[in-house]
Undergrad: 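Got a structure for you, questions after.
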Amino acid sequence: MDPGFDPDRPDGAADPRERDANDPLAEFRERFDVPGELYLDGNSLGPVSDAAERSLERALEEWRELGIEAWTEAERPWFRYGESLGDELAALVGADGEEVVVANSTTVNIHTLVGTFLDARGDRPPGVLVNELDFPTDHYAIRSQLRQRGHDPDDNLHVVESRDGRTIAEEDVVAALEDREVGIVFMPSVLYRSGQLLDIERITEAAHEQDALAGFDLAHSVGVVPHQLSAHDVDFAVWCSYKYLNAGPGAIAGLYVDERHFGETPGLAGWWGHEKETQFELRERFTPADSAGAWQIGTVPVLAAAPLAGSLELVHEAGIDRIREKSLALTGTLIRLVEETLAEYGCTVGTPRASEDRGGHVAIEHPEAERVSEALRERGVVVDFRPPNVIRVCPAPLYTGFVDVHEFVAQLRNVLETGAYEDVDPAESVS
């Protein structure tokens with residue numbers, strides 16, 4: 001432990017050791033194999049848990065013992081694996097089971113869902129409204145889908161600009177909807193760099209008032225922020241499962257489609273999205289499943305989906321509301337400590353302070369963020385860097401405690417105070 005760390009320093013009403021001792025989620029720490037001295041990069045890749053490992057091993061054993069019969073005879077039959085896991089995910093996003101399925105990758109799901117709804121809009125405006133702080137893959141996929149339909153992306157991809165380079169003002173999204181020809185709004189729930197949490201309900205309502213559809217990328221919120229997609233009338237959503245859901249690198253993604261859109265022809269149709277009852281009749285014409293399952297494309301990759309089964313067990317055992325409560329407490333503590341102790345070293349916080357406006361990670365800004373991030377990694381403190389000046393820090397609630405947050409701040413202070421980052425070659429750093 002760094003000598004600059006003081007475990008007796010009060011943190012609000014209780015010191016960090018006391019807060020960890022009274023934390024109802026503290027026991028989950030032992031369920032994970034957490035790499036490094038401090039692992040604070042779970043918003044990029046969550047660590048493996050005992051439950052995820054067991055569910056993967058179970059799938060391997062079923063493959064070994066049942067072979068092809070596992071498609072119908074496995075404990076969780078592989079034939080309906082995507083729908084089954086969708087049922088378990090539904091509660092985390094506030095949807096009915098039939099509205100959720102695990103399938104494909106996040107980018108593929110953006111392709112197929114945006115393509116679907118561009119087609120479904122018919123003669124209405126093809127414009128898609130996004131924002132300039134999106135993760136780039138969202139724009140790559142949308143521009144591709146516009147081009148494939150003969151629409152110039154430069155004319156039909158409408159971008160809401162940021163006022164401060166960190167956040168997106170929701171009133172600017174509303175204004176853009178009123179001023180531009182928009183058929184689909186596609187926004188992230190949480191901005192990947194700053195951690196700002198957008199108001200999904202407000203954006204969806206504004207979109208529908210302008211006869212536009214509302215879709216969201218939940219990659220940086222699913223598993224740490226509870227959602228109410230059905231209640232908020234969201235049209236569609238996508239997400240990955242390797243961040244807060246801890247389902248492993250390249251794990252299968254998920255999607256939501258509101259039931260009122262069942263029956264639409266998927267933008268990228270594939271045989272695994274065919275109605276299950278006649279799928280193996282191998283008909284020449286595609287008949288989409290009457291559920292979100294229609295947006296599956298190829299055969300479910302069981303070994304890339306299996307860890308999610310175990311991961312979801314832990315999330316449901318912990319409870320998404322308790323996860324969110326602890327997440328806000330951890331990020332709130334981190335923000336306060338950075339502002340109180342690191343401002344003199346050039347650190348600022350780029351994440352909104354209000355709890356209703358932030359997701360599960362904190363963006364610490366520093367002119368030498370890239371080299372500082374790598375210096376921390378060399379000490380076993382795993383964070384990541386996002387250009388131009390952000391150190392992303394994720395105190396994930398299932399395996400991070402309040403003592404960890406204090407220790408991280410002490411380590412960061414030491415790196416800045418001693419100038420340890422000055423010896424780091426940015427060309428060799430890992431982001």
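Quick note: numbers below take in every heavy atom, side chains included, and nothing from hydrogens, waters or symmetry partners.
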Undergrad: Check whether NZ of the Lys or CZ of the Arg Lys276 lies under 6.0 Å from the centre of the six-membered ring of Trp272 and within 45 degrees of that ring's axis.
TA: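 Positive - Lys276 is close enough to the ring of Trp272 and near enough to its axis.
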
Undergrad: Is the shortest side-chain N to carboxylate O distance from Asp404 to Arg29 below 4.0 Å?
TA: yes

Undergrad: Does Arg371 come within less than 4.0 Å of Glu368, counting only side-chain N to carboxylate O?
TA: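 Judged by the 4.0 Å cut-off on N to carboxylate O distance, Arg371 and Glu368 do form a salt bridge.
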
Undergrad: Should Arg163 and Glu171 count as an ion pair when the cut-off is N to O under 4.0 Å?
TA: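 Between Glu171 and Arg163 there is a salt bridge, with a charged N closer than 4.0 Å to a carboxylate O.
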
Undergrad: With side-chain hydrogen bond (donor to acceptor under 3.5 Å, both in side chains) as the test, would you mind laying out the steps for Tyr244 and Asn246 before giving the verdict?
TA: CA-CA 5 Å; Tyr244 296 102; Asn246 309 302; over 6 Å; no

Undergrad: Side chains of Gln279 and Glu275: any donor to acceptor distance under 3.5 Å?
TA: no

Undergrad: Between Ser144 and Tyr140, is there a donor-acceptor pair closer than 3.5 Å when you use the side chain of the first and the backbone of the second?
TA: no

Undergrad: Charged N to carboxylate O under 4.0 angstrom, Glu88 versus Arg76?
TA: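 Result for this pair is yes, salt bridge flagged.
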
Undergrad: Between Glu317 and Arg31, is the closest basic N to carboxylate O distance under 4.0 Å?
TA: yes

Undergrad: In plain terms, say whether Asp384 and Arg377 are close enough for a salt bridge, that is, a side-chain N and a carboxylate O under 4.0 Å apart.
TA: no

Undergrad: Charged N to carboxylate O under 4.0 angstrom, Glu365 versus Arg386?
TA: no

Undergrad: Could you tell me whether Arg147 and Asp152 make a salt bridge, using a distance below 4.0 angstrom between a side-chain N and a carboxylate O?
TA: no

Undergrad: Kindly say whether Ala329 contributes a backbone atom to a donor-acceptor pair with the side chain of Thr333 at under 3.5 angstrom?
TA: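 Confirmed, Thr333 side chain pairs with Ala329 backbone.
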
Undergrad: Under 4.0 Å between a side-chain nitrogen and a carboxylate oxygen: does that hold for Arg336 and Glu339?
TA: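 Salt bridge: no.
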
Undergrad: Could you walk me through whether Met187 and Asp217 pass the side chain to side chain contact (heavy atoms under 4.5 Å, CB included) test, one step at a time?
TA: CA-CA 6 Å; Met187 294 281 162; Asp217 182 342; over 6 Å; no

Undergrad: Please determine whether ring pair (Phe, Tyr, Trp, His ring centres under 6.0 Å) holds for the pair Phe117 and His261, giving the CA-CA distance in whole Å, both sets of side-chain angles, and the decisive distance to 0.1 Å.
TA: CA-CA 9 Å; Phe117 293 112; His261 299 300; 4.9 Å; yes

Undergrad: Would you sort out whether Val130 and His139 count as a side chain to side chain contact (heavy atoms under 4.5 Å, CB included), showing the intermediate values?
TA: CA-CA 8 Å; Val130 295; His139 291 199; 3.4 Å; yes

